[in-house]
Amino acid sequence: MSKTGDGGYASSLKVPLIEISHAEDDEPTDNGPDGVEAEGPWEGYDDLAVPSYGRPRSLSVRSDASVVSVLTQVFPGMSTVTASSFTFTNFIIQPANPANLPQACQQAGLAVFPVLVFVFGVINCFTCDLLAEAIAVVGPARAVGLAELLSNHFGRSGWHAGAWSVILANFGALVFTVILIGDMITPLVGLGTGDDVLCSDWLWIVLVSGAILSPMALIKNMSQLDEASQVAVSILITLVLSLIGYAIYLASEPSERSRFGDPSFTDACTVKGVEFPAAGGTYHAGPTSLTFFSAFSNLAFSFNAQANVFPLYAELKERSPSNMKIVNKRAMVMSGVIFTLSGMFGYIAFLDATKGNSVQNFPVKGDFGYFMDAVRLLLAISLVTSYPLTLWECRSHLEQMIANEKDTDQTKDRKRFAMSMVLIVLSAVIAIVAKDVSVIFGFFGATACPILMFVLPTLNHLKMHRPAVKQQVNLPLLGAVNWTGWQDYCALAVFLISMLIIPLALYAWAVFTL
């Protein structure tokens, strides 16, 4: 990908000429992106640099079979639908999202939480489906990422909106990961010493960021971490099973909650011990205050995965919106089950003492405590391996913003190194200041994540449906919109509801978290 003269970005990939119908035409034509007539339906190919900032066009695509037959010849993928489904699930549940969901269940209530997870899963799947359809319409070369896709309909401002939403959402995940790493290490250190300095989260955040995360962040080939990423999923599943098992044990023996509050079951670094409620605590079936909107932020932060639709679509052996929709549905079902189980059973175990990072609720000593110490260590390792993947996504968009076609390989490496160090230092500093993961997923889950998940995909869909036909509705930002089916109404509903809930979630974060 290279920078164009108008400040946009271009791809030199070999792409099929896509049908384009201009605003004044009712019938699609076989013209290519530059108005060149193709030899036949999807038979024309062109080695061209496709600028991201083209003028808004109305694009139409042929059947899934036609799309697949062309795209699989030009861009042969490697992944099956099943393999991509598991990969997408991995993207969604990383980094250690199950650890923060018990608090979301506490905020929403035991009966409301699974309903909320279901609603989020359905809407998330819907917006991912919209993106898959948009990729097929625009073409892979014009939709290598959300920013490039939006630039086709919103120009330069669309590219920056997409890029910054991805950057901020991933940066929030970086800070979240660093805080969790500190939370995992400190209790393990406390097993051997109660020294004030060694028990400080900031010390281990600085050491891990400088000695481990910095070298790993410079890895150029992310495939080197594929196996570690698969292991990380296994560790997270172990965490979920631990939450379920511990909740069943405490539900059957409520008196054990007070016993595990004894300082003898915790480490020297946790001065006050594990904060369990008294035996006989009750569960809330529904929300009890406006903290319910904090659960919205929590789930938005957890389900955030729209940026991953693009590389997954590109890797499919048989690319089509229908196949990608199967991937989306399977991934949302698997992720939803994991999120529901971890959230509900974590809340059942810890009740009103549930923390933003539920791993902090577990005892450190005793038979089960020592088992959880092993889980803590494994989680810390998995978080370290997932950090470069998140940083790479964040850094790649920043690289495009400052890219210059005159840059040498040495200059690009220096820029990459500088951006990596800035992101690592910033994430470490914010993690030290914020301390609590609730502050991070509360803010980013109320801002960048819902914009990336709900606002931008629906805006892009509605903008694509604006050919000049008889039945139109004029909307702000979108112009003349052609209502062609249920997807248009659903997209508008998701957009409007998200614009209403976002400020409420941000208010709940500011009032109840800060």
_With a 4.5 Å cut-off on side-chain heavy atoms, are Gln306 and Pro457 touching?_
yes

*Atom CG in Asn460, atom OG1 in Thr127: separation rounded to 0.5 Å?*
11.5 Å

*Between atom CG of Asp201 and atom CE of Met184, what is the distance when rounded to the nearest 0.5 Å?*
10.5 Å

*Is it true that a side-chain atom of Ser396 and a backbone atom of Glu393 form a donor plus acceptor pair closer than 3.5 Å?*
yes

*Any Leu146 side-chain heavy atom under 4.5 Å of Leu456 side chain*: yes

*Do any N or O atoms from the side chain of Thr80 and from the backbone of Ala83 form a donor-acceptor pair under 3.5 angstrom?*
yes

*Under 3.5 Å, is there a donor-acceptor pair between the side chain of Thr354 and the main chain of Leu351?*
yes

*Sidechain-backbone polar pair: Lys355 side chain, Ser438 backbone, donor-acceptor under 3.5 Å*: no

*Phe303 and Phe339: aromatic ring centres closer than 6.0 Å?*
yes

*asked:* Between Phe120 and Phe296, is the ring centroid distance below 6.0 Å?
replied: yes

*In Å, rounded to the nearest 0.5 Å, how long is the span from CD1 of Ile93 to CZ of Phe88?*
12.5 Å

*Cut-off 3.5 Å, side chains only: do Ser420 and Arg395 have a donor facing an acceptor?*
yes

_Distance alone, cut at 3.5 Å: any donor-acceptor contact between the side chains of Gln103 and Asn357?_
no

Would you mind writing out the side-chain donor-acceptor pairs for residues 423-433 within the sub-3.5 Å range, not counting sequence neighbours?
residue : atom : partner : partner atom : Å
Ser427  : OG   : Tyr387  : OH           : 2.9
Ser427  : OG   : Leu423  : O            : 3.0
Ser427  : OG   : Ile424  : O            : 2.9

*asked:* Does any part of the side chain of Arg376, heavy atoms only, come nearer than 4.5 Å to the side chain of Phe371, both counted from C-beta?
replied: no

*asked:* Applying side-chain contact (heavy atoms from CB on, under 4.5 Å) to Gln106 and Phe113, what does each step give before you reach the verdict?
replied: CA-CA 8 Å; Gln106 177 196 21; Phe113 176 73; over 6 Å; no

*Compute whether any side-chain donor of one residue and acceptor of the other, for Asn100 and Asn298, lie under 3.5 angstrom apart.*
yes

*Would you say Arg319's side chain and Tyr313's backbone share a donor-acceptor pair under 3.5 angstrom?*
yes

*Verify the ring-centre separation between Phe176 and Phe301: is it less than 6.0 angstrom?*
yes

_Once rounded to the nearest 0.5 Å, what's the spacing between atom CD1 of Ile502 and atom OG of Ser297?_
9.5 Å

*asked:* Any non-hydrogen side-chain atom of Tyr246 less than 4.5 Å from a side-chain atom of Leu250?
replied: yes

*Are any of the side-chain heavy atoms of Pro102 and Phe345 separated by less than 4.5 Å?*
no

*Hey, does the side chain of Thr186 reach the backbone of Asp183 with a donor-acceptor pair shorter than 3.5 angstrom?*
no

_Under 3.5 Å side-chain donor-acceptor pair for Thr390 and Asn170_ = no

*Is a side-chain donor or acceptor of Thr340 paired with a backbone partner of Val337 at a separation under 3.5 angstrom?*
no

_Minimal non-hydrogen separation, Gly172 against Ile440, with atom names_ = O-CG2, 3.4 Å

*Decide yes or no for Ile244 and Val240: does some side-chain heavy atom of the first lie under 4.5 Å from some side-chain heavy atom of the second?*
yes

*Write down the atom of Ser85, the atom of Thr89, and the distance for their closest heavy-atom approach.*
O-OG1, 2.8 Å

_Over all atoms of both residues, closest heavy-atom pair of Ala448 and Leu168_ = CB-CB, 3.7 Å

_Among Phe171, Tyr507, Trp509, which residue satisfies the ring pair (Phe, Tyr, Trp, His ring centres under 6.0 Å) criterion with Phe443?_
Trp509

*Step-by-step side-chain contact (heavy atoms from CB on, under 4.5 Å) determination, Arg156 to Ser151*: CA-CA 6 Å; Arg156 180 183 296 271; Ser151 70; over 6 Å; no

_Nearest-0.5 Å distance, OH of residue Tyr347 to OG of residue Ser358_ = 14.0 Å

*Given Val117, Asn304, Val119, the one that forms side-chain contact (heavy atoms from CB on, under 4.5 Å) with Leu299*: Val117

*Decide whether Thr411 and Thr408 meet the rule of one side-chain donor and one side-chain acceptor closer than 3.5 Å.*
yes

*Give the C-alpha distance, both sets of side-chain angles, the deciding distance and a yes or no for side-chain contact (heavy atoms from CB on, under 4.5 Å) between Asp436 and Ile179.*
CA-CA 7 Å; Asp436 189 352; Ile179 295 177; over 6 Å; no

*Less than 4.5 Å apart, any side-chain heavy atom of Val455 and any of Pro450?*
no

Distance-only donor-acceptor pairs under 3.5 Å for side chains of residues 325-333, two or more places apart:
residue : atom : partner : partner atom : Å
Lys325  : NZ   : Glu133  : OE2          : 2.6
Asn328  : ND2  : Asp129  : OD1          : 2.8
Asn328  : ND2  : Met324  : O            : 3.3
Arg330  : NH1  : Thr82   : OG1          : 3.3

*Hey, are Arg416 and Glu399 close enough for a salt bridge, meaning a charged N less than 4.0 Å from a carboxylate O?*
yes

*So do the side chains of Ile181 and Trp204 get within less than 4.5 Å of each other, counting heavy atoms only?*
no

*From CA spacing to verdict: side-chain contact (heavy atoms from CB on, under 4.5 Å), Phe126, Val494*: CA-CA 10 Å; Phe126 172 69; Val494 171; 4.3 Å; yes

*Roughly how far, to the nearest 0.5 Å, is the CG atom of Leu130 from the CD1 atom of Ile135?*
11.0 Å

